[in-house]
Amino acid sequence: MLAVVPRLPSWLLAIPLRSATLPPATHTTCYLLGREQAIVVDPGSAYPGELARLRPAIHRLLGSGGALAAILLTHHHRDHVAGAATLALELRVPVIAHERTLARLALVGVRTRALGEGAQLALEPELALEVLHTPGHAPGHLCLFEPRERVLLGGDMVPGLGTTLVDPGAGEGDLATYLASLERLRALEPALILPAHGPPLAEGEAAIRRLIMHRLWREHRVEGALRLEPRDALALAREAYAELAPWQIGLALRSTLAHLEKLEREGRAAREGERWRRGVRAFR
Ligand SMILES: [Zn+2]
């Protein structure tokens, strides 16, 4: 089968920047949206030289009469925000993000503006982006949706490469919330998804459906690893992620904990100290 290489909309530039992200990804794609009023989304690199790769595009925009309105952050993880303060101060523009993202960042000397569910970003007469609050991967995660061409700027919600880590620890992920946000995005039936990591995804609705199915399949594996006798999460991760290489077990453990917390709330797993066993609902 021929691979579908999606055409990007004319109002958008994708500029992958090398960033401190999780393998197998090595870059965070920074997007420049709009030609009259423009916004930069997720300048996530602090490596010398990487932000410099953005500047020609921004200067071309300014040279052709456009204006840069703001820097938008999809969420607070460092591989999305690392270059934001530098760029905001240099270009004298505010940083806009969800209030739960701004609360987690120390943007010294930078103007900020909170943006939430239902906001509209009107960049051109024919181009208005809808702001969606999609928590789960991070509490303040935002996506942008362009309804005419049905283009979704998905941040870390739908990976183009590797998997999105839903980390219930410091990353503040929540799997049930993540799945609910994915269902919401799927209902938009996006034709094209522009992820923060990896290439664009054509047939976005099908990509989200596959992602949800994969998560539920993994949940089934984690639930299947639970016994009457409690076991620690590492033993469960080794069984539920048996196909992974040993060096990946750390991330698998974080994911396993995310599944266990969801299963616990649903009565399908129970915690005994640091160990987990089957929940009462598992017997029905
Ligand atoms: Zn992230």
Side-chain angles (χ1 to χ4, degrees), residues 14-31 39-47 50 71-85 87 95-107 112 114-117 131-145 152-182 184-185 193-201 204 207-208 211-212 214-215 218 248 250-259 261-262:
I15 306 160
L17 304 179
R18 193 166 60 84
S19 66
T21 188
L22 289 177
T26 54
H27 288 65
T28 302
T29 303
C30 177
Y31 291 97
I39 55 172
V40 171
V41 179
D42 285 355
S45 182
Y47 292 128
E50 288 301 294
I71 292 165
L72 184 143
L73 303 177
T74 59
H75 63 297
H76 71 282
H77 293 158
R78 66 177 173 171
D79 56 326
H80 295 256
V81 310
L87 210 57
V95 167
I96 59 178
H98 193 272
E99 59 185 7
R100 297 183 74 179
T101 295
L102 293 175
R104 285 161 175 78
L105 297 174
L107 295 165
T112 59
L115 200 65
E117 172 67 32
V131 176
L132 298 129
H133 181 213
T134 53
H137 171 68
H141 196 290
L142 297 178
C143 290
L144 301 176
F145 185 61
L152 177 70
L153 239 95
D156 270 356
M157 292 300 291
V158 185
L161 182 70
T163 51
T164 292
L165 178 65
V166 175
D167 186 350
E172 301 176 275
D174 183 287
L175 193 58
T177 310
Y178 175 66
L179 287 169
S181 289
L182 284 182
R184 241 196 105 195
L185 296 177
I193 298 178
L194 301 165
H197 308 287
L201 299 162
I208 300 174
L211 186 58
I212 293 170
H214 179 77
R215 290 286 163 151
R218 188 69 79 180
Q248 292 171 307
L251 295 180
L253 177 61
R254 307 304 310 160
S255 290
T256 299
L257 285 167
H259 281 289
E261 286 188 2
K262 176 174 179 289

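In each ligand, atom 1 is the first atom listed, and ligand 1 is the first ligand listed.
- No side-chain N or O of S19 forms a donor-acceptor pair with one of D79 less than 3.5 Å apart.
- The aromatic ring centres of H80 and H197 sit less than 6.0 Å apart.
- Of all protein N/O/S atoms, those under 2.8 Å from the Zn ion (ligand 1) are H75 NE2, H77 ND1, H137 NE2, D156 OD2, and waters are not counted.
- Looking at H98, its side chain never comes within 3.5 Å of a backbone N or O of A114 through a donor-acceptor pair.
- With respect to L72, the side-chain contact (heavy atoms from CB on, under 4.5 Å) criterion is satisfied by exactly one of V131, V95, L144, V40: L144.
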Checklist entry - Could you walk me through whether L185 and I193 pass the side-chain contact (heavy atoms from CB on, under 4.5 Å) check? => result CA-CA 10 Å; L185 296 177; I193 298 178; over 6 Å; no
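- The pair R184-E117 meets the salt-bridge criterion, with a side-chain N (NZ, NE, NH1 or NH2) lying under 4.0 Å from an Asp/Glu carboxylate O.
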